[in-house]
2 protein chains.
Amino acid sequence: MHKMNSKNKTFIDKLRSSGLRPTNQRVEISKFLFNRKKTFHFTVEELKNSMNFKRSKKISTATFYNTVHALKSAGHLKEFSLENNTSYYDTNIKSHHHFFDNGKVIDIKSDKITFQKLPDAPKGKKIKNVEVVIRLENNN
Amino acid sequence: MHKMNSKNKTFIDKLRSSGLRPTNQRVEISKFLFNRKKTFHFTVEELKNSMNFKRSKKISTATFYNTVHALKSAGHLKEFSLENNTSYYDTNIKSHHHFFDNGKVIDIKSDKITFQKLPDAPKGKKIKNVEVVIRLENNN
DNA sequence: ACATACTTTAGAATAATTATAAAGTAGTTA
DNA sequence: TAACTACTTTATAATTATTCTAAAGTATGT
Ligand SMILES: [Mn+2]
Ligand SMILES: [Mn+2]
Ligand SMILES: [Zn+2]
Ligand SMILES: [Zn+2]
């Protein structure tokens, strides 16, 4: 008694090609994360609550953590931090920048910010990437 | 039986002028944090371990947390996050940028980075500050 | 010295995350 | 399809970072 629609196929392939067995839980989580137009920024708790809210058969906390870590390792998610002690994940894996607006995170495309001056990497090192955070506050 | 040297005076004043009673613990912690030439980036655990290592009379964990929070509220420390679930603190309270090199954090003075292009803040918002993280990796 | 508010402390509590190990499932092979 | 095996899910325990609690201690004003 499995639901199957044409969307799932995409995620099954995505998981398989990353060496992850496309279990029901992983497919559901992938669909929830990646089947949307805009970038999704989330914590594991938020993901768990919003997915499990409507489900009769809940997915376990450990599976949410396991799956998010697996997707991160496979390069489908990026991890980042705000100024609290929780990990956030980003469905936009391209190098890009962020607005932080009281806990709300908004993507800034890489080409929206360019530099006039950037320091050289210390000797023996090179630059892996450059990410900018623009913190916002309310006007007036 | 209090040790007192001319350095402590500075920190006593600093604490008093921030509305914090200059207790022994706070003075010791302030001296440890601020009596150095270079910026210090640390977690509360790191601070606790390095200060308590040599002391016979240990300062309690709660006091390290309390004092770091108090110093942050007073504007003498800034909090930031790496990609783990621990708060880091920065003795450099000026707006500035960072190199991240495998967990090691190095300051970049604000004027070492300038922008050619920056996005506008969404309407109703304004930019509070802009901080850049340059992630490093080893050469070759 | 006394009073009082603030501070320190040990220990309990909480939140996010990771570890454990038993039960379940996917992919493979007979 | 049945059996096999490696991988996955799950409930639960453990860990880590941090905050809370409330009792004992201390700084400051009088
Ligand atoms: Mn955590
Ligand atoms: Mn934490
Ligand atoms: Zn993003
Ligand atoms: Zn710094």
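Letters go in sequence order (proteins before strands), and every chain restarts at 1.
- Between the C1' atom of D:dA17 and the CZ atom of B:F42 lies a distance of 15 Å, rounded to the nearest Å.
- If you check residues 48-59 of chain A against DNA chain D, the residues with a heavy atom closer than 4.0 Å are A:K57, A:K58, A:I59, listed by number.
- The hydrophobic clustering, which links ILVMFWY residues whose side-chain heavy atoms are closer than 4.5 Å, places B:F99 and B:F80 apart.
- Proximity of B:Q25 to the phosphate of C:dT9: a side-chain N or O atom is located under 4.0 Å from OP1 or OP2.
- When the side-chain nitrogen and oxygen atoms of B:T86 are compared with OP1 and OP2 of D:dT16, none of them lie within a distance under 4.0 Å.
- Here the nucleotide nearest the side chain of A:S60, chosen from D:dT10, D:dT28, C:dT8, is D:dT10.
- Here D:dT18 presents its P atom at 8 Å from CG of B:N85, a figure rounded to the nearest Å.
- One finds a side-chain N or O of B:R16 lying less than 4.0 angstrom from the OP1 or OP2 phosphate oxygen of D:dT28.
- Phosphate contact (OP1/OP2 of C:dG27, side-chain N/O of A:R21, threshold under 4.0 Å): absent.
- Look at CD1 on B:I29: it is 13 Å from P on C:dT7, rounded to the nearest Å.
- Listed by chain and number, the residues in a side-chain hydrogen bond (donor to acceptor under 3.5 Å, both in side chains) with A:K125 are B:D101, B:N138 (sequence neighbours excluded).
- Note on B:S87: only backbone sugar-phosphate atoms sit closer than 4.0 angstrom, heavy atoms only; bases stay farther off.
- For the side chain to side chain contact (heavy atoms under 4.5 Å, CB included) with A:D90, the lone residue among A:H96, A:K72, A:E79 that qualifies is A:H96.
- Among all heavy-atom pairs drawn from A:K94 and A:N92, the shortest one is N-OD1, 3.1 Å.
- Note: CG (B:L47) to P (D:dA17) measures 14 Å, nearest angstrom.
- Note that OH of B:Y89 is 10.5 Å distant from CG of B:L47, once rounded to the nearest 0.5 Å.
- Which of D:dA27, D:dT18, C:dA16 sits closest to the side chain of A:E45 comes down to C:dA16.
- Looking at B:E131 and B:K78, a side-chain N of the basic residue comes within less than 4.0 Å of a carboxylate O on the acidic one, giving a salt bridge.
- With hydrogens and angles ignored, the 3.5 Å screen pairs a side-chain donor or acceptor of B:K58 with a backbone N or O of B:R55.
- For the residue pair A:D107 / A:H97, no side-chain donor-acceptor distance below 3.5 Å is found, with atom types taken as modelled.
- B:F115 has its ring centre less than 6.0 Å from the ring centre of A:F115.
- Going from atom CD of A:E28 over to atom P of D:dT9 covers 12 Å, rounded to whole Å.
- The distance between atom OH of B:Y89 and atom C1' of D:dA17, rounded to the nearest whole Å, is 11 Å.
- Closest approach to the B:A62 side chain among C:dA10, C:dG27, D:dT9 is made by C:dA10 (side chain taken as heavy atoms from C-beta onward).
- B:N24 places its CG atom 10 Å from the P atom of C:dT8, with the value rounded to the nearest Å.
- Annotation: side chain of B:N129 is not in contact with side chain of A:I134 (no heavy-atom distance under 4.5 Å).
- Regarding B:E46, its CD atom lies at a distance of 15 Å from the P atom of D:dT16, rounded to whole Å.
- Contacts between residues 63-72 of chain B and DNA chain C, defined by a heavy-atom separation under 4.0 Å, are made by B:T63, B:N66.
- Comparing B:P22 and B:T43 against DNA chain D, the residue whose closest nucleotide sits nearer the 5' end is B:T43.
- B:R26 has no side-chain polar atom (N or O) that falls below the 4.0 Å cut-off from OP1 or OP2 of D:dA27.
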